[in-house]
Participant: 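Please see the structure below; I have some questions.
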Amino acid sequence: MDNSWGLSTISVHSGEKNYQGSLTTPLFQTSTYLLSPTAYQAIEEGRPREEYVYTRWGNQNQLSVAEKVARLEGAEDGLVFSSGMAAISSLLLALLRRGDHLLTTKDLYGGTYSFITEELPQRGIEIGFTDQTDPQRVEEAIKPNTRVILFESVSNPLLKLTSLPEVGQVAKRKGISLVVDNTFSTPINLRPLEWGADIVLHSCTKYLNGHSDLVAGALVGKGEILNEVWKVMVRLGGCLDPHACFLLERGMKTLALRVERQNQSGLGVAKFLEGHSAVEKVIYPGLSSYPQRRLADRLLSGFGGMVTFQVKGGDEAALKVMSKLRIIKEATSLGGVESLISMPTNTSHHLLSSEEKAELGIDPGFLRLSVGIEDLDDLIGDLNSALR
Ligand code: PLP
């Protein structure tokens with residue numbers, strides 16, 4: 001691969017191996033491989049990641065697609081998993097030991113919050129919460145036993161930006177691993193490794209695949225860290241099936257195109273909603289009302305396809321609006337070619353108490369819209385008639 005390639009070229013070509021002259025990566029739908037002297041030797045020498053032995057350990061389709069994600073993020077190594085949660089859980093269990101402290105925020109995807117608060121304390125791992133938008137508060141919350149800091153680049157669902165340059169510098173100074181979930185931004189809009197992150201994670205279920213037809217996760221970063229995570233992945237079993245890798249690799253070829261379109265339509269929809277009398281509030285990094293506007297301009301090369309807005313009249317009115325939409329579908333998940341809408345309070349964030357939701361700013365009537373690649377006029381027309 002040429003290091004000067006742009007993100008569209010990387011989306012299409014990186015990870016290509018041209019097996020037996022093939023243009024695209026063929027499907028290696030096999031659970032195991034014929035054992036060879038080099039495979040036996042790799043097992044004996046403790047480096048089975050370098051040979052194909054068994055698909056839970058490694059497979060050609062996993063290798064190609066992991067390389068594509070790694071190159072897009074500017075990382076030296078990558079691993080793919082059976083879901084975003086398999087990536088998060090394998091990573092945290094690999095990096096944290098009994099007595100360690102994980103620093104994070106409550107402004108996170110609900111599944112990540114639930115794994116952290118339900119599973120990690122049982123293993124003797126301490127959890128601390130801070131405000132990822134304020135580097136001083138992040139620094140103050142660091143303890144002598146803090147080993148990992150985990151934030152989302154753009155948070156789910158409130159679209160708050162992590163103050164990456166400063167938080168990256170603090171983590172580096174203190175020798176703490178900074179993990180950034182870049183699912184919402186995608187490497188097309190933001191590459192956290194360039195701003196001091198050590199590991200980037202993705203729910204590839206969302207934008208990277210982009211077609212709402214598979215569940216997958218990825219981690220990218222330094223090889224020495226990922227070799228340790230690989231061991232945990234092999235023990236826990238969260239590898240990605242070859243067929244899902246094949247589909248993910250195909251989906252990712254259009255990543256840059258899709259995200260560029262979603263950036264344009266996201267802004268168009270956000271501006272429309274901001275001017276609508278039935279809407280109380282709109283959160284979108286590209287609006288002048290966005291509280292972290294200057295940081296958004298500095299970090300983001302596109303403002304994304306996620307728009308969070310609050311309908312006047314609370315949850316009841318918001319539920320009614322969703323039920324009246326025809327093109328935009330009422331479904332959880334995001335990042336696909338289809339526009340999807342859901343209410344975080346009864347889906348992704350249902351585990352948070354009312355007090356926790358209020359503390360974060362998830363107020364009644366909040367809806368999370370994932371803008372797809374349909375015509376912008378059709379999306380605006382659909383929202384307009386539902387709001388009316
Ligand atoms: N991270 C973020 C930001 C998410 O939104 C999600 C799922 O919605 C996940 C991680 C978990 O990914 P998966 O559903 O692929 O396990």
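These numbers come from the heavy atoms of this one structure, side chains and all, not from hydrogens, waters or symmetry mates. Both ligands and their constituent atoms are indexed starting at 1 by order of listing.
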Participant: Only heavy atoms of N156, strictly under 4.0 Å: list the atoms of ligand 1 that pass.
Facilitator: 5 (O)
Participant: Using distance alone, decide if ligand 1 has a nitrogen or oxygen within less than 3.5 Å of any nitrogen or oxygen in V215.
Facilitator: no
Participant: Would you say M85 and ligand 1 have an N/O pair spaced under 3.5 Å apart?
Facilitator: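 Yes.
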Participant: Would you say E152 has any N or O atom under 3.5 Å from an N or O of ligand 1, going by distance alone?
Facilitator: no
Participant: What do the steps show when you test Q29 against D241 for side chain to side chain donor-acceptor pair (under 3.5 Å), and what is the final call?
Facilitator: CA-CA 8 Å; Q29 192 69 38; D241 182 75; 3.3 Å; yes
Participant: Give me the ring orientation class for W230 and W57: parallel if the planes are under 30° apart, tilted from 30 to 60°, perpendicular past 60°.
Facilitator: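 Ring orientation, 0 to 90° scale: perpendicular.
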Participant: In Å and rounded to the nearest 0.5 Å, what is the CD to CD distance from E139 to E166?
Facilitator: 11.0 Å
Participant: Please could you name the atoms of ligand 1 that S83 approaches to less than 4.0 Å, counting only its heavy atoms?
Facilitator: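 Numbered from 1, ligand 1 contributes 15 (O), 16 (O).
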Participant: Below 30° counts as parallel, above 60° as perpendicular, anything between as tilted: where do the rings of W5 and H13 land?
Facilitator: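 Tilted.
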Participant: Using a strict 4.0 Å cut-off to heavy atoms of D181, name the atoms of ligand 1 that fall inside it.
Facilitator: 1 (N), 2 (C), 3 (C), 10 (C)
Participant: I'd like to know whether NZ of K222 has more than 12 heavy-atom contacts from other residues, nucleotides or ligands below 6.0 angstrom.
Facilitator: no
Participant: If you measure every N or O of T205 against every N or O of ligand 1, does any of those distances drop under 3.5 Å?
Facilitator: yes
Participant: For A216, take its heavy atoms, then give the atoms of ligand 1 lying under 4.0 Å from any of them.
Facilitator: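 That gives atoms 15 (O) of ligand 1.
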Participant: Is K206 close enough to touch ligand 1? Criterion: a residue heavy atom under 4.0 Å from a ligand atom.
Facilitator: yes
Participant: Determine, considering heavy atoms only, which of Y109, F81, F115 sits nearest to atom 11 (C) of ligand 1.
Facilitator: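 Among Y109, F81, F115, the closest heavy atom to atom 11 (C) of ligand 1 belongs to Y109.
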Participant: Considering the options I199, T162, L150, I149, which one meets the side chain to side chain contact (heavy atoms under 4.5 Å, CB included) requirement together with L178?
Facilitator: I149
Participant: Under the criterion side chain to side chain donor-acceptor pair (under 3.5 Å), I'd like the reasoning laid out for S155 against D107: C-alpha separation, chi angles, the key distance, then a yes or no.
Facilitator: CA-CA 6 Å; S155 70; D107 185 19; 2.7 Å; yes
